[in-house]
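Shown next, in structure tokens, is the structure this report addresses.
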Amino acid sequence: MMDGFDMLLVASAVIAGAAPLVMATLGETLTERAGVVNLSLDGTIVLSAMAAFVVASLSGSLLAGFAVSAAVGACVAALVALFSVRLGMSQVAVGFVLTLMTRDLAYFLGSQYARTEGPISGSAPVPVLSGMPVLGQVLFNHSVPVYLSMIMVAFAWWYLYRTSWGLRLRCVGENMEAAYARGIDPDLVRVVYTVAGGALVGLSGAAFSLCTKPGWGQPQGCEGSGWIALALVIFGAWHPVRAALGAYLFAFLQVMSIHFQSWFPDVPAQVFQVAPFPLMIFLLAVSTLVHSEEAKMLAERHPLLRILTRGLAQAPPLSLGKARSRD
Amino acid sequence: AVAATKPYVFGLLLVGPYNDKGYSQAHYEGGRYVEKTVPGTKMIYIDKVNPSDRPGVTIVQLVDDMVEKGARLVIANSDDMKDGIREAARKHPNIHFVHVSGDDVLTGKAPSNLVNIFGRMEYGKMMAGFAAALTTKTGKIGYLGPLINEETRRLASAAYLGARYAWEKVIKRNPNDLTFQVTWIGFWFNIPGVTADPSQVAKNFYDSGFDVVISGIDTTEAVMVAKQKVNEGKKVWAIPYDYVGACEGGSSVCLGVPYFNWGPGYASLVKKSMSGHWKPEWIWLGPDWKDINNPATSTVGFMVGDALSQEARKALKDFIAGLASGKVQLFKGPLNFQDGRVFLKKGEVATDRQIWYLPMLLQGMKGASSQAK
Amino acid sequence: MTIALRSIHKHYGDIRANDGIDLVLRPSTVHGILGENGAGKSTLMKILSGYVRKTSGTILVDSEEVDFKNPAEAASHGIGMLYQDPLDFPPLTVLENFMAGQRMKAWPDRSLFRKRLAGLCREMGFDLDPETPVVRLTVGERQQLELARHLAAGRRVLILDEPTTGISSLQKDVLFSALRRLSSGGATVVLVSHKLEDVETLCDEVTVLKKGRVSGSAVRPFSTGALLEMMFGREPAPPLRKGHEPGAQALFLEGVHAHGGRTGLAQCTVKVNRGEVVGLAGLEGSGQDVFLRVAAGLTRPTRGRVHVSRKDMTGRDHHAFKTMGVAFQPAARLEEGLIAGLSVAEHCAILERSSFSLDLDASASLAQERIQSFQVAARPESPVESLSGGNQQRLLLSFLPDDPVLLLLENPTRGLDRESVRWVWERLDAIASNGAAIVFSSSEIDEILMVSDRVLVFFEGRIIHDVRPEDTDALMLGKAIAGRV
Amino acid sequence: MRTVFARMGRPLEMGLKTALAGVAEIAASVLVVVAFTTLVLLVAGAPPLDTFAVLVKGSLGSWSKLSHVIKVWIPLTLASCGLLFTFKAGLWNIGVEGQVMMGAVATTLAMRMGGPSPLAGMVTALALVAGMAGGALWALCAGFLKTKAGVHEIFAGLGLNFVSQGLVLWLIFGPWKQPGIASMSGTETFDERLWIPSIEALNLSPAALGMAVAAVIVTAYLLSSTRLGLYLRAVGGNEKAAVLFGLKPHAVMTAAMLCAGGLAGLAGAFQVSGVYHRLIPAISSGYGYLALLVVLLAYYNVWAAPVVAFFFACLNTGAIQLPMLLSLDSSLSGVIQGSMVIAALAVHSVSTRSRRSRG
Ligand SMILES: Nc1ncnc2c1ncn2[C@@H]1O[C@H](COP(=O)(O)OP(=O)(O)OP(=O)(O)O)[C@@H](O)[C@H]1O
Ligand SMILES: Nc1ncnc2c1ncn2[C@@H]1O[C@H](COP(=O)(O)OP(=O)(O)OP(=O)(O)O)[C@@H](O)[C@H]1O
Ligand SMILES: [Mg+2]
Ligand SMILES: [Mg+2]
């Protein structure tokens with residue numbers, strides 16, 4: 001039965017539902033553009049979601065909640081930066097341990113606030129624009145964090161590709177030695193953007209607990225999205241806009257799974273719920289395959305394929321995950 | 001005198017946090033009630049007893065620990081402790097066990113020291129459905145279901161019957177104008193990536209014209225989202241579940257809450273255990289029709305919420321009176337299953353077993369009835 | 001401006017890369033720095049450009065003492081360097097590379113920089129499209145880009161470390177004329193090279209380094225003999241090669257194209273017979289590396305066919321080639337050749353495919369044999385990363401199979417002193433005499449002339465020359481390498 | 001901590017100096033952890049000393065508690081041993097969690113097919129083997145995604161973890177649901193004869209214990225003194241060079257995945273046949289992820305892993321008492337374990353750095 005299904009509703013639900021994921025994805029994109037993999041996303045989001053909720057409900061101020069969540073995210077990221085950039089420890093190891101630890105820390109510190117009253121950031125339609133026929137409902141009838149997420153996408157692109165800081169950032173990500181030779185301090189840049197990216201990830205936590213999945217508990221409901229964000233960064237080929245599109249695609253799949261349930265009552269609900277995750281991985285596989293030598297050779301011959309490969313090709317920042325050797 | 005001697009310790013295993021404003025808190029306060037009302041008793045409890053919160057921890061292990069701490073009666077409050085508590089009961093034959101919501105005694109699997117107890121929540125759900133139907137403007141009621149099994153089918157159907165009664169008999173509307181949609185999230189609470197996100201489901205309900213959502217899950221997303229929608233200027237309502245205090249904070253949208261009050265039931269069991277009148281039984285306690293909200297006597301109640309209109313309150317009062325007097329019999333034929341098969345012939349009244357083991361949702365409800373084949 | 005270097009020292013552990021160097025660089029001159037591989041040229045220049053910190057010594061810029069902590073400080077004194085292997089950002093566009101590191105507004109006006117770049121290119125006779133990513137550029141073009149960038153940033157001292165490595169003769173001429181124009185404009189240009197030809201054509205003054213010290217200096221006009229004397233101490237050793245008579249066909253590449261390396265490989269058709277020793281000449285990364293990897297089955301050709309002992313092996317993997325008796329040894333020892341973390345003995349254990357359970361004592365004694373016969377300064381249990389460069393090379397050579405059909409060696413004697421080079425070649429020669437074909441690359445023309453039966457000269461990914469040593473000499477090869485046949 | 005164990009691997013370098021350095025490191029990391037944990041406790045408004053006391057009593061206080069510690073230790077150790085194989089080959093097998101689950105699923109399947117026949121012992125044994133197979137096959141999927149499609153094993157593994165969790169739930173609420181109501185409680189409990197035999201009095205299964213110990217010994221043997229171990233380290237050390245030495249890195253990686261998956265699967269099999277006696281939604285108990293921490297803290301050393309695993313098992317078990325006695329949340333154990341690893345890693349890298357700079 002198709003009732004209760006309306007493309008506009010789905011579209012606007014996707015925009016809203018994807019907001020936190022978009023923030024996290026953009027944050028990690030920045031970080032990885034500087035050559036650092038911050039694997040602690042999943043835990044960071046939970047911890048900052050908790051912090052945001054607690055602070056917001058104690059202070060009664062949403063703003064305070066978001067501020068604190070950003071700070072928390074930045075702190076965790078600072079740890080990653082300290083350990084991997086300064087001490088040259090394995091970024092993966094540090095990130096993974098922090099993922100588990102921050103999550104438990106959130107549950108431990110947040111336990112007495114579980115399922116308590118908390119403020120919610122309601123919708124704030126944009127005065128004139130929300131009146132527009134289609135776009136009005138889809139784009140301009142959301143809560144502030146959702147607008148923020150949409151603005152961030154554009155901003156991230158502009159920052160990366162149109163500002164001198166963005167250029168420096170990409171330089172460090174591509175070749176630390178060369179950046180150093182040009183008078184840029186790679187370690188500093190790496191630390192800065194790891195922390196900045198972490199702050200964005202923190203914001204996504206607040207977006208969960210104060211907006212898209214209001215409330216705090218164990219589980220909060222944002223668990224797992226950090227890992228998806230990490231996959232999306234690759235899927236998005238380290239390009240903010242492409243990564244964001246990936247986030248919207250994922251949100252779309254999740255929203256649709258609610259409708260699928262009533263369309264195919266015989267298929268157990270879990271199937272639709274789990275589907276998006278392997279699908280993401282599958283897409284990853286495709287885009288990596290497209291990048292392989294064989295694919296390149298094929299592309300040499302068929303112009304059509306070449307376009308496709310250009311579209312899907314992914315070129316990780318050359319210094320991604322590497323530590324810099326100083327003497 | 002009794003109190004002077006070593007206190008009678010009973011243990012409580014809670015599936016969720018003791019302060020979850022939901023299912024587990026209801027049990028926790030039931031335990032406290034026993035401590036208050038039965039002299040010489042002392043409760044020890046452990047909450048979040050579920051494998052995802054306590055990886056690797058088994059019921060048996062926790063029972064062992066409680067017995068070490070001197071417990072002589074152990075209450076397990078959740079369906080998912082079924083097998084664990086049975087195993088523990090076999091292991092500790094001279095300790096008394098209570099499994100809430102189970103049916104081991106019915107199925108004969110239970111050892112003699114194990115008792116099943118549950119509340120006739122279908123009455124509470126009927127009242128919930130009733131209130132929903134009187135309130136809805138769009139005639140579309142959403143039911144936020146957990147996973148599909150006899151219990152959840154039973155409760156969803158009860159809510160539907162209550163709603164249909166209000167719709168047809170009270171406000172005399174055309175039954176075809178009433179939509180009652182059940183959407184299952186796949187679990188008692190949200191597991192990211194595994195269950196549907198209750199917030200999303202509730203949002204989807206409200207966005208697609210459903211203005212009342214009845215929650216059948218352990219967590220309070222429905223109320224949360226309703227509040228969000230009200231802030232956005234929509235007129236929507238929600239009905240939480242399990243705990244008398246569940247409306248707190250959500251009062252602006254809460255039509256009321258069907259809740260459990262375990263105090264009396266537990267007290268009687270503890271007394272039996274203390275006085276040696278323990279016997280294996282399957283107890284299914286209903287509301288105290290004299291006053292369904294009497295904490296001392298009624299196991300199932302319905303706490304009206306601020307958002308329920310005055311006339312609706314009145315109608316609900318009469319409805320409850322009808323249920324009490326037996327004039328209103330909702331599990332009574334003619335009733336068909338979703339697929340058209342006959343559940344109850346005209347005039348036939350369902351037995352407890354028929355209600356307990358409801359195999360499918362009822363005709364007129366929308367949504368999946370059974371998971372896989 | 002004038003720059004004076006006083007007794008510069010740079011020590012890496014127990015290596016003395018620079019060991020007390022004195023040098024004066026004057027304005028409006030092109031100053032050449034000559035020296036063989038490992039003489040310490042790059043190190044000295046990196047110190048001058050602030051990229052590495054000196055161990056001791058003083059630098060005077062216009063008789064004011066300076067101590068550069070990082071390249072930025074050197075740049076602020078107007079000193080810029082083009083590094084031996086281009087230090088740029090391949091995935092970024094030409095324009096972005098041009099902008100990177102220059103002073104600019106928070107959100108710069110790209111069109112401004114585009115104009116500036118275009119202007120410089122016109123001036124210098126370069127031809128660069130601002131929007132192409134730098135990966136697609138040739139080494140020469142990347143150099144031109146760097147040069148333009150430094151000029152735009154207003155550098156008055158320009159250091160070029162082996163700028164003629166890997167660029168076409170045409171590009172070379174363009175570059176040199178540009179440099180001349182600069183120096184006549186009052187700039188100080190420093191040209192680092194170990195190619196006499198470059199220095200002789202361009203420089204006004206030359207300083208020669210040897211083993212980290214200044215071994216002499218000269219001004220125009222230069223005497224080639226004298227310079228060689230200062231560089232090597234003696235004339236290059238005479239060839240020790242005993243000719244082998246070619247046997248059956250070992251390797252046949254048929255119109256092979258392949259990706260990889262700096263330049264890839266194009267239009268390559270070559271036959272190599274057993275018993276032949278073939279030297280691959282050419283500037284580093286002109287296609288020799290790809291050639292060897294294609295012949296070893298490590299890189300798949302995009303077009304053409306590969307035959308080993310008359311068997312078509314196109315598209316087969318390295319293991320198939322191995323079973324055909326092909327052995328390959330890379331130049332990057334620790335990166336590609338040896339397994340850091342494993343001991344010498346364990347390396348041997350991998351090679352002998354015997355029982356499932358390891359007999360470490362057996363492989364230890366085996367390792368001992370190899371170590372002795374190849375004079376490796378190591379113990380069986382010492383991890384390979386703790387061996388010295390030269391010893392790592394010896395160890396690698398000791399892993400060669402006993403009776404191969406085809407040996408593919410990339411810079412087999414890099415990092416070895418002249419005596420060890422000789423010694424190694426005697427052994428390889430013996431293997432060739434037993435009927436193995438040996439194909440090796442080397443950056444030392446002398447070595448190639450010394451040991452090869454045949455020389456293939458690579459340029460920009462193509463074989464532009466196929467001669468017997470007796471029909472050529474160092475000078476001709478040098479020209480060919482620089483793309484002038 | 002790491003150096004000491006690292007040296008164990010290379011006795012010839014085991015000088016007094018390094019030993020002292022190692023001890024100093026352990027001391028330092030423990031100090032950091034205690035400090036951090038105390039801070040957390042104070043923030044949460046809990047009495048640190050009592051908390052630590054509860055953790056110790058709660059895990060080693062009585063035999064029944066110790067026996068539960070062992071029940072946690074067994075699967076944790078099995079999974080950790082598995083991870084050693086993949087780590088040696090330079091793989092981050094984060095999919096171990098899913099491999100544990102699929103081991104459990106396969107075991108359940110086998111037991112359902114076998115049923116409580118007179119030769120139940122046989123069925124149980126076969127079920128355990130099936131568990132290993134299930135885990136190994138699941139690991140193979142991640143392996144192929146890595147080697148054939150070039151998907152990084154971390155993401156391949158994570159995706160598969162989600163899939164396996166969904167599969168487990170679907171089985172429990174779908175095909176394998178209990179007669180009567182499908183229940184979060186899991187599938188029907190197996191007949192007692194199918195359980196791994198255990199001594200009632202001690203609440204301890206010698207068979208399972210033996211399994212774990214054997215796994216440690218076999219792993220140690222395979223890694224240190226067989227060709228397999230050597231090849232794993234070679235590929236992990238330098239893939240390119242390994243090719244030149246005639247190895248097939250992809251084949252070796254796949255082998256590593258198979259070993260890891262097999263042992264993880266065995267862990268899952270034990271969860272089913274030895275702990276829960278049925279398939280439950282959270283059957284893996286998060287031991288896969290925890291095992292990753294174990295191996296990191298043990299610095300990839302075979303002999304250190306079981307020790308660390310025991311320590312972690314104690315924390316997990318002891319933490320159950322926190323809510324009962326101090327009404328603190330049990331997730332504290334996770335906090336301690338995490339900070340433990342971080343501290344150890346940090347202290348180690350700092351000390352090595354300072355040593356290097358001292359020359
Ligand atoms: N980062 C380093 N670490 C250790 N040793 C180094 C390092 N850089 C250079 N060396 C050593 O210092 C010596 C001089 O190196 P340098 O690169 O200056 O020689 P070069 O004259 O530039 O040689 P080439 O002509 O091959 O470029 C060599 O022995 C080299 O091995
Ligand atoms: N990573 C390392 N660990 C331990 N010792 C090392 C390491 N690297 C180099 N050494 C030691 O330092 C010394 C210098 O090494 P290096 O490679 O500079 O020698 P070298 O002068 O280049 O000799 P060769 O001429 O054979 O290359 C050697 O004795 C070597 O054993
Ligand atoms: Mg050099
Ligand atoms: Mg050397």
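Naming: A, B, ... by sequence-line order, numbering from 1 per chain.
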Around Arg316(C), counting heavy atoms of other residues, nucleotides and ligands shown, do more than 12 lie under 6.0 Å from its CZ?
-> no
Thr323(C) versus chain D, the contacting section by heavy-atom distance below 4.5 Å | neither
Would you mind telling me which of Leu342(C), Leu360(C), Leu298(C), Asp359(C) has the largest number of heavy-atom pairs within less than 4.5 Å of chain D?
-> Leu342(C)
Which atoms of Ala340(C) come close to chain D, meaning under 4.5 Å heavy atom to heavy atom: side chain ones, backbone ones, both, or neither?
-> backbone
Under a 4.5 Å heavy-atom cutoff, which of Glu336(C), Gln329(C), His318(C) has the most pairs with chain D?
-> Glu336(C)
Lys/Arg cation over aromatic Tyr12(C): Lys10(C), 6.0 Å, 45° cone | yes
Measure distances from Leu222(D) to the heavy atoms of chain C and classify the residue's part below 4.5 Å as side chain, backbone, both or neither.
-> side chain
Please check if the side chain of Lys322(C) supplies one atom and the backbone of Leu244(D) the other of a donor-acceptor pair under 3.5 Å.
-> yes
Look at the side chain of Asp361(C) and the backbone N and O of Ala364(C), then say whether any donor-acceptor pair between them is shorter than 3.5 Å.
-> no
Taking the side chain from Glu410(C) and the backbone from Ala331(C), do they hold a donor-acceptor pair closer than 3.5 Å?
-> yes
